[in-house]
Amino acid sequence: YPTWKRTLARRARESQVKRFCRAQAIQRRLEEIEVTFRELEQQGIKLEKLLREENESPADQQTQWTNQLLYLVQKKNNLMTEESDLMIAVQELKLEEQQCQLDEKLRSYMNKEDTLKTPEDEKAEQEILKQLVEVVNKRNVLIQLQEEKRLSEL
């Protein structure tokens, strides 16, 4: 088993572990965001009730409640933006995983001697290459989407 094949296999495993760890971190953060959403929703409901029911309360108290409500809305919007970014990252991880798997398959066909390749092998190789190009294009679209989003936020 040549050294370069072992090196490629090791690098593939390492990148797979890295993707798995990133996916776990993203999943944890999405769960944290969900919990925070619920908390913000409860706080918002309490503030809305206070604003509707306490008409006799001082104006500065109502202003304070309104400001708190606006702060909650802003915080929720920030979390929604972060959640959207994380969902894009999840899609990117899936495409990255798909690309690695297709790379492996393509490499196995390309390592085969041309004289030993059957017409089915050549057809499969072309199909994998086509799928690989599609995955790369999808990843490119995601990257462009992130860049446009980043520029619009600036």
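Residue numbers start at 1 and run along the sequence shown.
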Item checked: Exam field: side chain N111 to backbone R107, donor-acceptor pair closer than 3.5 Å -> yes
Next item on the list: May I ask you to decide if T118's main-chain N or O and D121's side chain share a donor-acceptor pair within less than 3.5 Å?
Entry: yes
Next item on the list: Quick one: do E82 and L86 satisfy side chain to side chain contact (heavy atoms under 4.5 Å, CB included)? Show the steps, please.
Entry: CA-CA 6 Å; E82 184 181 355; L86 289 172; 4.3 Å; yes
When rounded to the nearest 0.5 angstrom, what distance separates [atom1] in [X] from [atom2] in [Y]?
| X | Y | atom1 | atom2 | value |
| --- | --- | --- | --- | --- |
| L93 | Q91 | CG | CD | 10.5 Å |
| K18 | R11 | NZ | CZ | 10.5 Å |
| E41 | T36 | CD | OG1 | 13.0 Å |

Margin query: Among Q131, K94, K138, R139, which residue satisfies the side-chain hydrogen bond (donor to acceptor under 3.5 Å, both in side chains) criterion with Q99?
Written below: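 Answer to the side-chain hydrogen bond (donor to acceptor under 3.5 Å, both in side chains) test with Q99 among Q131, K94, K138, R139: R139.
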Checklist line | K130 NZ: over 12 foreign heavy atoms closer than 6.0 Å | finding: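 Not more than 12 within 6.0 Å, no.
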Check: More than 12 foreign heavy atoms under 6.0 Å from NZ of K105: is that the case here?
Finding: no
Note to self: Under a 3.5 Å cutoff, is there a donor and acceptor pairing between the side chains of E97 and Q101?
What the structure shows: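 Yes.
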If I compare all heavy atoms of [X] with all of [Y], which pair ends up nearest, and what's the gap?
| X | Y | result |
| --- | --- | --- |
| Q62 | L51 | O-CD2, 3.6 Å |
| Q146 | I88 | NE2-CG2, 3.4 Å |
| L72 | Q43 | CD2-OE1, 3.1 Å |
| W65 | L50 | CZ3-O, 3.6 Å |
| A89 | I26 | CB-CD1, 3.7 Å |
| M80 | F37 | CG-CZ, 3.4 Å |

Margin query: Using the rule that Ile, Leu, Val, Met, Phe, Trp and Tyr join whenever any side-chain heavy atoms are under 4.5 Å apart, tell me whether M110 and V135 fall into a single cluster.
Written below: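 Yes, M110 and V135 fall within the same hydrophobic cluster.
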Margin query: Regarding E127 and K123, does a basic nitrogen lie under 4.0 Å from an acidic carboxylate oxygen?
Written below: no
Next item on the list: Using a strict cut-off of less than 4.0 Å between a Lys/Arg side-chain nitrogen and an Asp/Glu carboxylate oxygen, indicate whether E153 and R150 qualify as a salt bridge.
Entry: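 Salt bridge between E153 and R150, a charged N being under 4.0 Å from a carboxylate O: no.
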Note to self: Let's go through Q16 and F20 carefully: what are the C-alpha distance in whole Å and the side-chain angles of both, what is the deciding distance for side chain to side chain contact (heavy atoms under 4.5 Å, CB included) to 0.1 Å, and is it a yes or a no?
What the structure shows: CA-CA 6 Å; Q16 187 176 21; F20 181 73; 5.8 Å; no
Next item on the list: Each residue besides V73 in its hydrophobic cluster should be listed here, by chain and number; the cluster joins Ile, Leu, Val, Met, Phe, Trp and Tyr at side-chain heavy-atom distances under 4.5 Å.
Entry: none
Margin query: List the residues meeting side-chain hydrogen bond (donor to acceptor under 3.5 Å, both in side chains) with E48, not counting sequence neighbours, and say none if there are none.
Written below: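 E48: side-chain hydrogen bond (donor to acceptor under 3.5 Å, both in side chains) contacts with R52.
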Next item on the list: Could you go through the side chain to side chain contact (heavy atoms under 4.5 Å, CB included) check for M87 and L30 one step at a time?
Entry: CA-CA 9 Å; M87 295 309 290; L30 286 171; 3.9 Å; yes
Item checked: Any side-chain heavy-atom pair of Q68 and Y71 under 4.5 Å ->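 Result no, sub-4.5 Å side-chain heavy-atom pair not found.
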Notebook entry, point to check: Heavy atoms, side chains only, cut-off 4.5 Å: are T3 and R6 in contact?
Noted result: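 Counting from C-beta outward, T3 and R6 do come under 4.5 Å.
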Note to self: Evaluate E125 against K112 for side chain to side chain contact (heavy atoms under 4.5 Å, CB included), listing each step before the verdict.
What the structure shows: CA-CA 11 Å; E125 184 178 344; K112 203 174 197 182; over 6 Å; no
Next item on the list: Determine, step by step, whether E92 and R22 satisfy the salt bridge (charged side-chain N to carboxylate O under 4.0 Å, His left out) criterion, reporting the C-alpha distance in whole Å, the side-chain angles of both residues, the deciding distance to 0.1 Å, and the verdict.
Entry: CA-CA 11 Å; E92 195 173 346; R22 279 186 21 219; 5.6 Å; no
Next item on the list: Using the test side-chain contact (heavy atoms from CB on, under 4.5 Å), find all partners of E32 that sit at least two apart in sequence or belong to another chain.
Entry: R29
